[in-house]
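First comes the structure, then the notes that go with it.
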Amino acid sequence: MSRERFLLDATFIAGYLNPRDQHHAKAQECMPRVEQAVEVVVTEAVLVEIGNLLHSHQHRARAADFIQACYSSHNITVVSVSTALLKRAVEHYHQHADKDWGLTDCILFCGDAR
């Protein structure tokens, strides 16, 4: 197990799960590091986004399996999206108008996995 820590976003996960995605090869290359990391954090907002992005019949089972595995993996912490977290994320989103971050990214940035 490595001492690395990762935040998973929808771009990485979709790239990993979808062989036709432009980021697939890089995500495949990086996944062993994620699997060996001491801690991986993903928010439920990201998992919902994956379910939405990969909703078609050819990707749905893979997406559902990945989402379910996040809840049982030894090194993955799934952060629930509470009202308080969403409010902090919206404030972060508002304060950083100069950035190209989506609200889901801001939820990830503001989520406290501890």
Side-chain angles (χ1 to χ4, degrees):
M1 182 165 292
S2 79
R3 299 195 47 79
E4 291 183 289
R5 288 174 160 62
F6 292 100
L7 297 174
L8 295 186
D9 68 1
T11 300
F12 174 80
I13 297 168
Y16 175 72
L17 296 175
N18 181 359
R20 291 185 167 176
D21 189 281
Q22 65 181 355
H23 303 293
H24 181 70
K26 187 65 174 173
Q28 289 280 308
E29 180 184 317
C30 292
M31 188 50 85
R33 290 177 58 201
V34 172
E35 291 171 340
Q36 293 300 311
V38 68
E39 182 180 30
V40 179
V41 176
V42 64
T43 67
E44 288 179 328
V46 168
L47 298 180
V48 168
E49 192 170 12
I50 290 303
N52 289 335
L53 287 170
L54 301 176
H55 68 277
S56 65
H57 65 87
Q58 72 260 37
H59 301 298
R60 185 179 293 252
R62 208 170 325 144
D65 289 345
F66 183 88
I67 292 166
Q68 290 171 330
C70 286
Y71 286 97
S72 60
S73 293
H74 71 282
N75 68 334
I76 297 179
T77 300
V78 178
V79 177
S80 295
V81 181
S82 65
T83 300
L85 174 55
L86 183 57
K87 286 180 177 182
R88 285 195 314 271
V90 169
E91 185 61 30
H92 192 79
Y93 179 82
H94 183 69
Q95 289 175 349
H96 294 87
D98 61 321
K99 305 295 185 198
D100 214 11
W101 300 330
L103 184 56
T104 301
D105 295 327
C106 293
I107 292 169
L108 184 59
F109 301 154
C110 293
D112 185 358
R114 301 198 199 302

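The first residue of the sequence shown is numbered 1, and numbering continues consecutively from there.
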Set of salt bridge (Lys or Arg N to Asp or Glu O under 4.0 Å) partners for R60, sequence neighbours left out = none
Donor-acceptor pair, D105 side chain versus G102 backbone, under 3.5 Å?
-> yes
Heavy-atom closest contact (N75 atom, A37 atom, distance) | ND2-O, 2.9 Å
Taking only residues two or more places apart in sequence or in another chain, which ones pass salt bridge (Lys or Arg N to Asp or Glu O under 4.0 Å) with K87?
-> none
Report the distance from atom CG of L85 to atom CZ of R88, rounding to the nearest 0.5 Å.
-> 5.0 Å
Same apolar cluster: V40 and V79, side chain cutoff 4.5 Å | no
Are there more than 12 heavy atoms of other residues, nucleotides or ligands under 6.0 Å from atom CZ of F66?
-> yes
A89 and C110: which non-hydrogen atoms are nearest, and at how many Å?
-> CA-SG, 3.9 Å
Taking atom CG of D100 as the centre, report whether more than 12 heavy atoms of other residues, nucleotides or ligands fall under 6.0 Å from it.
-> no
Heavy-atom nearest pair, I67 first then I50, reads CD1-CG2, 4.3 Å
Tell me, do L53 and N18 make a side-chain contact under 4.5 Å, heavy atoms counted?
-> no
Between the CG atom in L17 and the CZ atom in F12, the distance rounded to the nearest 0.5 Å is 9.0 Å
Scanning both residues in full, the closest heavy-atom pair of S73 with A69 reads OG-O, 2.7 Å
Linked, directly or transitively: V48 and Y93 (ILVMFWY side chains, under 4.5 Å) | no
Does the side chain of R5 reach to within under 4.5 Å of the side chain of V38, using non-hydrogen atoms?
-> yes
Linked, directly or transitively: F6 and L108 (ILVMFWY side chains, under 4.5 Å) | no
Are Y71 and V41 connected in a single hydrophobic cluster, I mean Ile/Leu/Val/Met/Phe/Trp/Tyr linked by side-chain heavy atoms less than 4.5 Å apart?
-> no
At what distance, to the nearest 0.5 angstrom, does NE2 of H74 lie from CD of E39?
-> 11.5 Å
Which distance, rounded to the nearest 0.5 Å, do you find between the OG of S80 and the CG of L86?
-> 13.0 Å
Pair listing, salt bridge (Lys or Arg N to Asp or Glu O under 4.0 Å) test, anchored in residues 10-31, at least two apart | K26-E29
Please report the shortest heavy-atom distance between P19 and R62, naming the atom on each side.
-> CD-NH1, 3.1 Å
Is V46 reachable from Y16 through a run of hydrophobic residues whose side-chain heavy atoms are each under 4.5 Å from the next?
-> yes
D9 side chain to T104 backbone, donor-acceptor under 3.5 Å = no
Gap between atom OG1 of T43 and atom CG of L7 - 0.5 Å precision | 9.5 Å
Check the angle between the aromatic planes of H92 and F109 and answer parallel, tilted or perpendicular using the 30° and 60° thresholds.
-> perpendicular
Rounded to the nearest 0.5 Å, how far does SG of C106 lie from NE2 of H94?
-> 12.0 Å
